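For reference, the structure discussed in these notes is given below.
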Amino acid sequence: MTQTSPHRDTAPPPTDAEERPTLLAFLDYLREAVIAKAHGLTEQQARTPGVPSGTSVLGLVKHLTAAERYWFVRSFAGEDIGPVDLGADDSADDLIAAYRAAVARSNALVEACDDLRRPCARPTGAANVVRPLRWVLVHMIEETARHAGHADILREQADGAVGR
C-alpha cells in the first residue's frame with residue numbers, strides 16, 4: 001500500500017456563471033477527480049483490476065480518453081479519428097497526459113462553439129441520433145461522474161485512500 005491517509009475532498013466549482021462555463025467547470029472538476037485517483041498509486045496498483053469485469057484505475061482513464069475523443073472530436077467536430085493509441089505498456093503518466101490532451105482538445109472545441117444548441121456533425125450511437133453540444137456536455141458530466149465514483153472505490157481497494 002502506498003498511501004492510507006484520507007485526502008480532503010475539494011468543493012464543487014461555483015455555479016454563479018453562465019451555462020457554458022458552469023458545465024465546463026463541473027466537467028473539469030470531475031475530470032480532475034479521476035486523475036487524482038491515479039496519483040500516488042504504483043503502476044501495478046493503478047493497473048490491477050479491482051472487480052471481476054477487469055476495471056482498473058488506468059483502465060478508466062483510458063476509457064475516458066476515448067470518450068472525450070469520440071464525443072467531442074469525432075461526433076461534435078466531425079473529425080475522422082482512429083482509436084485511442086494507448087498501449088498496455090504506456091505508463092500512468094503517459095495515460096494521464098493523453099487524457100489531459102484529450103480534455104484540452106474537448107474544451108477548445110466547446111469554447112469555440114457560439115451556441116450549445118449546435119448539433120453534432122455526426123449522428124451517434126445505435127439510434128444514429130444527432131445530438132446538440134449541450135447534450136454532449138451533460139452526457140460527459142454523467143459519464144465522468146460515474147467513472148469518478150468507480151475510481152473512488154478502486155483507489156480505496158488498492159491502498160485504502162479515501163476522499164479526493
Side-chain angles (χ1 to χ4, degrees), residues 10 12-13 19-39 41 43 45-113 115-158 164:
T10 58
E19 182 181 23
R20 178 195 334 262
T22 298
L23 292 172
L24 279 177
F26 270 90
L27 184 53
D28 283 339
Y29 167 74
L30 294 165
R31 290 161 167 163
E32 286 302 316
V34 171
I35 291 169
K37 290 300 171 180
H39 284 295
L41 290 174
E43 289 282 334
Q45 288 172 320
R47 292 177 188 285
T48 300
V51 292
S53 66
T55 303
S56 69
V57 173
L58 287 183
L60 291 172
V61 172
K62 281 176 81 168
H63 169 73
L64 287 170
T65 302
E68 292 278 343
R69 290 171 40 88
Y70 175 82
W71 284 106
F72 291 106
V73 179
R74 182 196 177 280
S75 299
F76 178 69
E79 295 180 20
D80 289 323
I81 57 170
V84 176
D85 187 23
L86 303 172
D89 295 332
D90 288 331
S91 71
D93 288 342
D94 292 338
L95 294 172
I96 291 168
Y99 183 45
R100 286 190 186 282
V103 164
R105 177 76 170 114
S106 297
N107 283 354
L109 289 168
V110 172
E111 291 292 345
C113 180
D115 186 351
L116 296 181
R117 293 174 297 180
R118 181 176 293 161
C120 287
R122 294 181 183 205
T124 59
N128 211 31
V129 175
V130 175
R131 308 279 187 188
L133 179 57
R134 179 182 288 107
W135 186 95
V136 172
L137 279 164
V138 172
H139 171 66
M140 285 303 297
I141 290 168
E142 173 272 327
E143 176 87 358
T144 308
R146 187 163 39 98
H147 293 313
H150 297 149
D152 281 340
I153 293 165
L154 293 171
R155 178 62 189 254
E156 187 172 353
Q157 288 176 332
R164 188 164 143 102

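In this chain, numbering begins with 1 at the start of the sequence shown. Not measured: the values here are computed from a predicted model.
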What heavy-atom pair brings [X] and [Y] nearest, and what distance separates the two atoms?
| X | Y | value |
| --- | --- | --- |
| Glu111 | Leu24 | OE2-CD1, 3.1 Å |
| Arg31 | Asp28 | NH1-OD1, 2.5 Å |
| Ala98 | Thr65 | O-CG2, 3.9 Å |
| Thr48 | Ser56 | O-CB, 3.6 Å |
| Ser91 | Arg47 | CA-NH2, 3.7 Å |
| Pro132 | Arg117 | CB-O, 3.6 Å |

Under 3.5 Å: donor-acceptor pair, side chain of [X], backbone of [Y]:
| X | Y | value |
| --- | --- | --- |
| Arg20 | Val110 | yes |
| Ser75 | Tyr70 | yes |
| Arg118 | Phe76 | no |
| Glu68 | Tyr99 | no |
| Thr55 | Pro49 | no |
| Arg74 | Thr124 | no |

Give, for atom [atom1] of [X] and atom [atom2] of [Y], the distance between the pair rounded to the nearest 0.5 Å.
| X | Y | atom1 | atom2 | result |
| --- | --- | --- | --- | --- |
| Gln45 | Leu58 | CD | CG | 11.0 Å |
| His139 | Thr144 | NE2 | OG1 | 8.5 Å |
| Leu137 | Asn107 | CG | CG | 8.5 Å |
| Ile141 | Leu23 | CD1 | CG | 4.5 Å |
| Ile35 | Leu30 | CD1 | CG | 11.5 Å |
| Trp71 | Leu133 | CH2 | CG | 11.5 Å |

Practice task
Taking only Lys NZ, Arg NE, NH1 and NH2, and the carboxylate oxygens of Asp or Glu, determine whether Arg100 and Glu32 approach each other closer than 4.0 Å.
Solution key: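 Yes.
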Problem - Heavy-atom side-chain proximity of His63 to Glu143 below 4.5 angstrom - result: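 They are in contact (side-chain heavy atoms under 4.5 Å apart), so the answer is yes.
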Problem - Summary of salt bridge (charged side-chain N to carboxylate O under 4.0 Å, His left out) pairs that have at least one residue in residues 124-135, sequence neighbours excluded - result: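 Sorted pair list: Glu19-Arg134.
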